[in-house]
2 protein chains.
Amino acid sequence: MELRTLGYFVAVAETGSVSAAADVVHVTQPALSRQIRQLETELGVELFTRAGGRLQLSAAGRQFLPHAQDVLRRADGARNAARSYAAGRLERITIAAPTTTLTDVIAPFLATLGRDDPMPTVSESDPREAYDALRHGADLAIATEPPPARLASTALAVLPVWAYVRADHQWHDRDSVRLKDLATETVLALTPAFKPRQILDRAMERAGVSPGTVVDCSNPQVAQALAAAGRGAAVVSDDPRFGLHPLEIVGRDGPLRIELFAAWEPGHHAAETLGELAARLRLFCVDRYGADVAPTG
Amino acid sequence: MELRTLGYFVAVAETGSVSAAADVVHVTQPALSRQIRQLETELGVELFTRAGGRLQLSAAGRQFLPHAQDVLRRADGARNAARSYAAGRLERITIAAPTTTLTDVIAPFLATLGRDDPMPTVSESDPREAYDALRHGADLAIATEPPPARLASTALAVLPVWAYVRADHQWHDRDSVRLKDLATETVLALTPAFKPRQILDRAMERAGVSPGTVVDCSNPQVAQALAAAGRGAAVVSDDPRFGLHPLEIVGRDGPLRIELFAAWEPGHHAAETLGELAARLRLFCVDRYGADVAPTG
DNA sequence: TCGGGACTATGCTCTGCAGGCATGGAACTG
DNA sequence: CAGTTCCATGCCTGCAGAGCATAGTCCCGA
């Protein structure tokens with residue numbers, strides 16, 4: 001049973017005769033006649049009754065017909081899908097990103113996608129391995145490391161690393177805090193696996209500031225919750241919760257910032273679409289986070 | 001693109017290598033390698049990336065994979081369906097019957113079918129052509145004529161032809177009426193296309209009774225409605241409506257009766273199932289109409 | 001750095017099957 | 001009864017698909 005054979009069967013069933021169907025499928029009547037018989041033998045079912053030199057769809061054939069038509073339709077669908085991939089279309093897109101980026105940036109961005117856009121799937125990835133995800137099912141990778149040169153990429157945004165304190169904190173009327181001042185407060189930092197923590201550590205090291213009390217939080221929400229409880233300053237890059245007051249953290253080279261990049265395989269069949277999507281994501285970041293966008297292309 | 005080819009693609013995609021897939025689909029690695037390339041050429045899409053001697057599903061391939069799997073699954077479904085037809089199973093059944101039988105007998109019977117029974121479709125047919133319907137899509141035909149010998153068949157029931165009169169009619173305390181008495185009342189009969197009318201006409205002729213006033217009604221409900229309006233006696237075989245009072249009509253050879261038969265093609269792939277269904281329909285008629293069942297097999 | 005192993009691609013060959021042509025046979029039609 | 005229409009069968013051919021042998025490529029470990 002092959003698609004060709006099924007097509008023959010459907011043609012004969014629909015035209016009502018082998019001769020007529022032969023015209024439709026562009027083979028000769030004898031070839032078609034044989035194929036139909038072979039199909040019947042293979043399936044073990046009489047699809048047609050041969051009453052009086054003519055062919056007539058049998059009861060079994062009537063039941064089988066919709067199955068055959070269905071398979072052919074699906075096959076057509078698959079072919080068309082392939083054609084659309086060849087044309088650079090993307091039906092579904094898998095986006096790999098670290099957790100924080102996923103919830104704060106990607107998720108709200110996905111909400112802006114329209115019906116014509118690919119159906120998105122997201123895959124949480126370790127920030128260090130985000131670009132590797134492109135080799136294992138992801139179409140677009142978002143990460144905080146600059147992507148390797150071999151990938152096509154766009155810089156999406158430069159986001160501040162915030163120090164969040166309670167509204168009644170002594171810093172509640174300030175917009176920013178210097179690193180060495182921050183070191184005097186209990187720092188509710190993330191574990192070193194998180195980018196904001198790495199940035200904080202590096203900035204402290206470069207500024208020669210020795211950290212004061214640091215509490216490792218496994219999760220930005222926890223850090224913020226502790227800050228809301230007045231237990232210190234949460235250093236994260238998330239959006240603020242619990243009515244916390246945000247402060248920029250000023251280091252030796254200016255405010256602490258975390259970069260965001262989108263990257264994809266340049267050989268991806270829909271590389272163009274991916275580029276457009278990345279550009280839209282960048283604009284989305286501009287809208288959402290103001291002018292803090294990297295000019296790099 | 002054939003089912004075989006799609007199977008090859010899925011095997012390679014799922015095993016992750018041509019060599020491994022070759023074992024699965026029982027062809028040699030070179031043959032498989034070529035088939036995959038041909039499929040890619042035909043579809044115009046790179047399904048795999050050939051990075052470093054190894055094959056890796058490309059983004060387009062990842063999108064295409066579910067399509068291919070779907071087609072294969074459906075094809076399997078079709079094959080299984082065919083197998084079940086070969087085993088005499090029936091997924092859907094089309095029952096042809098005249099209108100009255102359809103609403104009064106078949107419809108309530110269908111309500112008793114279970115989930116394992118075939119999904120029924122009914123087709124209203126002219127009583128004279130019911131058996132011809134077997135040649136044009138019907139699996140089971142119900143009719144009032146005895147079926148031709150070449151068909152497999154069962155007698156289902158013998159139903160009375162009723163004379164329905166209003167509850168305040170002069171006959172309201174009688175169970176039956178004789179033909180010649182009926183001829184003194186206005187007879188609300190069906191058009192001659194309906195079996196009850198034919199039976200009435202033949203019985204009158206045989207009894208040598210000349211009919212009195214006869215009103216042709218195109219439809220049993222109309223006849224009953226007129227009877228309910230006190231315009232005469234409705235002669236039909238339907239169930240009573242409007243609280244009408246039923247009378248058996250006694251002719252020369254006893255009460256007027258209408259027979260009901262089920263017939264099907266003896267060569268039908270599910271002839272056995274059809275026979276069982278007909279037997280159940282017969283039992284259903286017993287339950288519904290009492291002992292008025294023909295003993296014929 | 002080199003050799004072995006694992007994998008894919010390609011050249012060559014062969015076989016089986018699909019399809020074409022010619023023809024026979026059956027049934028309906030006028 | 002001849003003509004037409006349709007399906008089946010025999011025979012032949014060409015091609016696609018599959019096998020075998022082998023070359024090329026990459027990775028890994030000694």
Side-chain angles (χ1 to χ4, degrees), chain A residues 1-43 45-58 60-61 65 68 72 75 79 132 135-136 148 150 265 267, chain B residues 1-58 60-61 68 72 75 132 135-136 150 265 267:
Chain A
M1 195 181 88
E2 290 294 331
L3 292 175
R4 181 171 25 81
T5 327
L6 289 178
Y8 289 168
F9 164 65
V10 170
V12 174
E14 287 180 346
T15 61
S17 95
V18 175
S19 315
D23 282 344
V24 175
V25 298
H26 301 114
V27 293
T28 57
Q29 172 269 320
L32 198 46
S33 178
R34 247 190 302 259
Q35 289 293 317
I36 296 292
R37 293 203 89 101
Q38 281 184 26
L39 180 62
E40 289 181 317
T41 310
E42 183 187 341
L43 295 178
V45 175
E46 288 239 310
L47 298 171
F48 296 92
T49 57
R50 273 91 176 162
R54 294 283 191 287
L55 241 61
Q56 181 106 25
L57 202 56
S58 75
L65 182 57
L72 290 175
R79 246 187 297 265
D132 288 343
R135 295 190 181 282
H136 303 105
R150 66 164 204 90
E265 293 281 349
Chain B
M1 194 181 88
E2 290 295 331
L3 292 175
R4 182 171 24 82
T5 326
L6 289 179
Y8 289 169
F9 164 66
V10 170
V12 174
E14 286 180 347
T15 61
S17 93
V18 175
S19 314
D23 282 344
V24 175
V25 298
H26 302 112
V27 293
T28 56
Q29 172 269 319
L32 199 47
S33 178
R34 247 190 300 257
Q35 288 294 318
I36 296 293
R37 292 204 90 101
Q38 282 184 27
L39 180 63
E40 288 181 316
T41 310
E42 184 187 339
L43 296 177
V45 175
E46 288 239 311
L47 297 171
F48 296 93
T49 56
R50 272 93 175 160
R54 293 283 191 287
L55 240 61
Q56 180 106 24
L57 201 56
S58 74
L72 290 175
D132 288 343
R135 296 189 180 283
H136 303 104
R150 66 164 205 90
E265 293 281 349

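Every heavy atom of this structure was used, including side-chain atoms; hydrogens, water molecules and symmetry mates were not. A, B, ... follow the sequence lines: proteins, then strands. Residue 1 opens every chain.
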Roughly how many Å is it from CG in Leu39(B) to P in dA9(C), rounded to a whole number?
14 Å
Donor-acceptor pair, side chain of Glu40(B) and main chain of Glu46(B), under 3.5 angstrom:
no
Applying side-chain hydrogen bond (donor to acceptor under 3.5 Å, both in side chains), name anything that partners Gln29(A), two or more places apart in sequence or on another chain.
none
With 3.5 Å as the limit, what N/O pairs link the protein to nucleotides 24-29 of chain C?
none

Say whether, by atom type as modelled, one donor and one acceptor occur between the side chain of Thr49(A) and the main chain of Gln56(A) under 3.5 angstrom.
yes
I'd like to know whether CZ of Arg135(A) has more than 12 heavy-atom contacts from other residues, nucleotides or ligands below 6.0 angstrom.
no
Checking all strands, does Tyr8(A) fall into the base, sugar-phosphate, or nothing category for heavy-atom contacts under 4.0 angstrom?
sugar-phosphate
Gap between atoms CD and P, on Glu2(A) and dC17(C) respectively (whole Å):
13 Å
For the pair made of CD in Glu40(A) and C1' in dC7(D), what is the distance, rounded to whole Å?
12 Å
Residue list, ring pair (Phe, Tyr, Trp, His ring centres under 6.0 Å) with Phe9(A), at least two apart or on another chain
Phe48(A), Phe64(A)
To the nearest 0.5 Å, atom CD of Glu2(B) lies from atom CG of Leu6(A) at 9.0 Å
Could you check which of dT8(C), dG19(C), dC7(D) has an atom nearest any side-chain atom of Arg4(A)?
dG19(C)
Rounded to whole Å, please give me the gap between CZ in Phe48(A) and P in dA8(D).
10 Å
Go through it in stages, so that I can follow the logic: the residues are Val18(A) and Leu55(A), the test is side-chain contact (heavy atoms from CB on, under 4.5 Å), and I'd like the CA-CA distance, side-chain angles, deciding distance and then a yes or no.
CA-CA 8 Å; Val18(A) 175; Leu55(A) 241 61; 3.5 Å; yes
The correct set of residues in residues 19-38 of chain A placing a heavy atom under 4.0 Å from DNA chain D is Ser19(A), Gln29(A), Pro30(A), Ser33(A), Arg34(A), Arg37(A)
Quantified as the angle between the terminal helix axes (five pairs each), what is the overall bend of the helix from dT1(C)-dA30(D) to dG30(C)-dC1(D) to 10 degrees?
20°
If you only use heavy atoms from C-beta on, which nucleotide in dG19(C), dA8(D), dC6(D) is closest to the side chain of Leu55(A)?
dA8(D)
Excluding sequence neighbours, so at least two apart, what forms salt bridge (Lys or Arg N to Asp or Glu O under 4.0 Å) with Arg54(A)?
none
Just by distance, do the side chain of Thr5(A) and the backbone of Met1(A) share a donor-acceptor pair under 3.5 Å?
no
